[in-house]
Amino acid sequence: MQANFSVEDSVSNLWDKLDGWLDAIILKLPNFIMAILVMFLFYFIARGIRKLLKRTILKKIGQVSIQEIIAKVVFVVILLIGFFIALGVLDLDKVLTSILAGAGVVGLAIGLALQGTLSNTFGGLILSFMPQLKINDFITADGISGFVTEISLRNIILRKPDNNMVVIPNSKFIDGSFTNYSLNDRNRIFVNCGVGYESDLQMVEDLTVKIIGETFKQNDGEQVEFFFTEFGDSSINFMVRFWADCINSKQEHAARHKAIKLIKSHFDQKDINIPFPIRTLDFGKNNLTVHTEKQ
């Protein structure tokens, strides 16, 4: 048996439902306004605490990246507390339980779909707490050299000596190796050169060690080291290495630049020859003929 459809009854039921919703909204309006005020209040509290932490406690942490991450985590946690309190004001405690249960399922799905992104995020956390890497350090990673300008939860940004920025994903950076030139205040500089076969090798060694040692101060446990390395085509080659204050490539180039000028100047004074390859073009009996348009 089919029930007769009545438009009037349907419209009446719809109005009754809307009237019930309107009554519920009016009754919950103070709670709704209070919940909004709670969220605004906790937002400003979170901002204030974040600024206070940066000015006081976080200043004691040397790495800027760690300061930023801790400040962001504190900010999000305070906002979440305010969100839970707002739900309680709206009498939505049961809804909160459902949200948390659904968030677990959604989080699992998102985690599987965004494995690369999550890998970068955890890589950013690892890099932020890594003592071997700080902001403004000069490093070389994956063949790229530059100053560390930012360590975020997604990538690390390097400023190259030519002022171009390079963005490296954290997961790629973590899986590879890098060289940090800023960890030590002093590094060893290598200079290669060669002298003529007619040179007094002992005098060359003594002179080089003397002038380098007088110009670049060597601390305890450090010394200027000199080694002849090979019989070259036109010279006997040697290598001298010494310690100098340098924490980036510019200072390393400057120290090597100074050492090369120093060696050249003193070798010229002592008439020590620094030979260079000479190539002679022998045309033999062949004559070079130039043809013009008239010819």
Side-chain angles (χ1 to χ4, degrees), residues 130-134 136-148 158-164 166 168 172-284:
M130 184 181 292
Q132 294 84 8
L133 185 67
K134 300 185 294 295
N136 295 326
D137 282 356
F138 187 84
I139 67 172
T140 296
D142 197 23
I144 302 172
S145 299
F147 294 91
V148 179
L158 301 182
R159 178 172 57 82
K160 297 171 59 178
D162 58 8
N163 207 37
N164 289 319
V166 179
I168 304 176
K172 185 177 180 181
F173 190 86
I174 286 291
D175 293 336
S177 59
F178 68 93
T179 302
N180 191 337
Y181 296 92
S182 302
L183 285 180
N184 299 315
D185 294 333
R186 292 177 63 80
N187 289 307
R188 182 173 282 176
I189 310 298
F190 294 76
V191 176
N192 297 301
C193 188
V195 294
Y197 277 86
E198 74 283 358
S199 302
D200 184 339
L201 299 185
Q202 188 59 50
M203 183 182 70
V204 170
E205 178 180 355
D206 295 341
L207 177 62
T208 304
V209 172
K210 179 176 179 294
I211 59 178
I212 294 296
E214 291 176 349
T215 306
F216 299 92
K217 180 182 177 182
Q218 305 297 291
N219 297 333
D220 295 337
E222 302 174 351
Q223 61 179 345
V224 179
E225 297 178 334
F226 183 98
F227 303 98
F228 286 107
T229 56
E230 62 177 350
F231 291 97
D233 294 335
S234 57
S235 64
I236 298 178
N237 299 324
F238 67 85
M239 172 187 68
V240 59
R241 58 186 187 183
F242 56 93
W243 295 87
D245 294 329
C246 58
I247 58 175
N248 55 54
S249 61
K250 179 180 179 180
Q251 293 179 344
E252 178 182 349
H253 293 325
R256 186 176 293 109
H257 166 83
K258 186 176 182 179
I260 290 174
K261 291 176 62 178
L262 192 67
I263 291 173
K264 177 65 168 59
S265 174
H266 283 77
F267 278 14
D268 288 345
Q269 294 176 12
K270 298 293 184 180
D271 292 328
I272 298 175
N273 179 33
I274 302 178
F276 54 90
I278 299 176
R279 290 180 175 84
T280 302
L281 300 179
D282 186 1
F283 292 96

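As a basis for the values below, the full set of heavy atoms in this structure was taken, side chains included, without hydrogen atoms, waters or symmetry mates.
Within the model, atoms CG of Asp185 and CD of Gln251 stand 9.5 Å from one another, a figure rounded to the nearest 0.5 Å. Note that the OG1 atom of Thr208 and the CZ atom of Phe242 stand 11.5 Å from one another [nearest 0.5 Å]. We find the CD1-SG distance between Ile236 and Cys193 to be 12.0 Å, quoted to the nearest 0.5 Å. The CD atom of Glu205 sits 12.0 Å away from the CE atom of Met203 when rounded to the nearest 0.5 Å. Taken from CD1 in Ile144 to CG in Asn164, the straight-line distance is 11.0 Å, to the nearest 0.5 Å. Between the CG atom of Asp137 and the CG atom of Leu183 there is a distance of 6.0 Å, given to the nearest 0.5 Å.
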Using the rule given for side chain to side chain contact (heavy atoms under 4.5 Å, CB included), can you reason through Val240 versus Asn192, listing the C-alpha separation, both sets of side-chain angles and the distance that settles it, and then say yes or no?
CA-CA 7 Å; Val240 59; Asn192 297 301; over 6 Å; no
Test side chain to side chain contact (heavy atoms under 4.5 Å, CB included) applied to Lys160 and Val166, step by step
CA-CA 7 Å; Lys160 297 171 59 178; Val166 179; 3.3 Å; yes
Yes or no on side chain to side chain contact (heavy atoms under 4.5 Å, CB included) for Ile274 and Ser235, after CA distance, side-chain angles and deciding distance?
CA-CA 8 Å; Ile274 302 178; Ser235 64; over 6 Å; no
Report the C-alpha separation of Arg186 and Glu222 in whole Å, then their side-chain angles, then the decisive distance to 0.1 Å, and conclude whether the salt bridge (charged side-chain N to carboxylate O under 4.0 Å, His left out) test is met.
CA-CA 10 Å; Arg186 292 177 63 80; Glu222 302 174 351; 2.8 Å; yes
Would His266 and Lys270 count as a side chain to side chain contact (heavy atoms under 4.5 Å, CB included) if you check the C-alpha gap in whole Å, the side-chain angles of each, and the deciding distance to 0.1 Å?
CA-CA 6 Å; His266 283 77; Lys270 298 293 184 180; 5.6 Å; no
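Residues satisfying the salt bridge (Lys or Arg N to Asp or Glu O under 4.0 Å) criterion with Asp268, sequence neighbours excluded, are Lys264. Partners of Lys250 by side-chain contact (heavy atoms from CB on, under 4.5 Å), not counting sequence neighbours, listed by chain and number: Asn248. Partners of Asp200 under the salt bridge (Lys or Arg N to Asp or Glu O under 4.0 Å) rule, at least two apart in sequence or in another chain, do not exist in this structure. Applying the salt bridge (Lys or Arg N to Asp or Glu O under 4.0 Å) criterion to Arg159, with sequence neighbours excluded, gives no partner residue.
Contact between Ser234 and Pro275 at its shortest, heavy atoms only, is O-CG, 3.1 Å. Contact between Asn184 and Ile247 at its shortest, heavy atoms only, is O-CG2, 3.5 Å. The two residues Asn136 and Ser182 make their nearest non-hydrogen contact at O-OG, 4.5 Å. Contact detail for Gly194 and Asn237: the closest heavy-atom pair is CA-OD1, 3.7 Å.
Looking only at side-chain heavy atoms (C-beta outward), Asp206 and Phe226 stay at 4.5 Å or farther from each other. The shortest side-chain heavy-atom distance between Glu252 and Arg256 falls under the 4.5 Å cut-off. For the pair Ile189 and Arg241, the minimum side-chain heavy-atom distance is 4.5 Å or more. With a 4.5 Å cut-off on side-chain heavy atoms, Ile139 and Thr179 do not count as touching. In this structure, Lys134 and Val148 have side chains that are not in contact, with every pair of non-hydrogen atoms separated by 4.5 Å or more. The shortest side-chain heavy-atom distance between Asp271 and Asn273 does not fall under the 4.5 Å cut-off.
You'll find the ring centres of Phe227 and Phe238 outside the 6.0 Å limit.
Residues Ser145 and Thr140 bring a donor and an acceptor atom of their side chains to less than 3.5 Å of each other.
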Pairs under 3.5 angstrom only: tabulate donor-acceptor contacts from the side chains of residues 211-218 to other protein residues two or more places apart or in another chain.
from: Glu214; atom 1: OE2; to: Lys210; atom 2: NZ; distance (Å): 3.0
from: Thr215; atom 1: OG1; to: Ile211; atom 2: O; distance (Å): 2.9
from: Gln218; atom 1: OE1; to: Trp243; atom 2: N; distance (Å): 3.0
from: Gln218; atom 1: NE2; to: Phe216; atom 2: O; distance (Å): 3.0
from: Gln218; atom 1: NE2; to: Trp243; atom 2: O; distance (Å): 2.9

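Shown here is Asp220, whose CG atom has no more than 12 heavy atoms of other residues, nucleotides or ligands within 6.0 Å.
One N or O on the side chain of Ser199 and one on the backbone of Gly196 form a donor-acceptor pair closer than 3.5 Å.
Contacts classified as ring-ring contact (aromatic ring centres under 6.0 Å, His included) and involving residues 179-203 (residues at least two apart or in different chains) are given here: Phe138-Tyr181.
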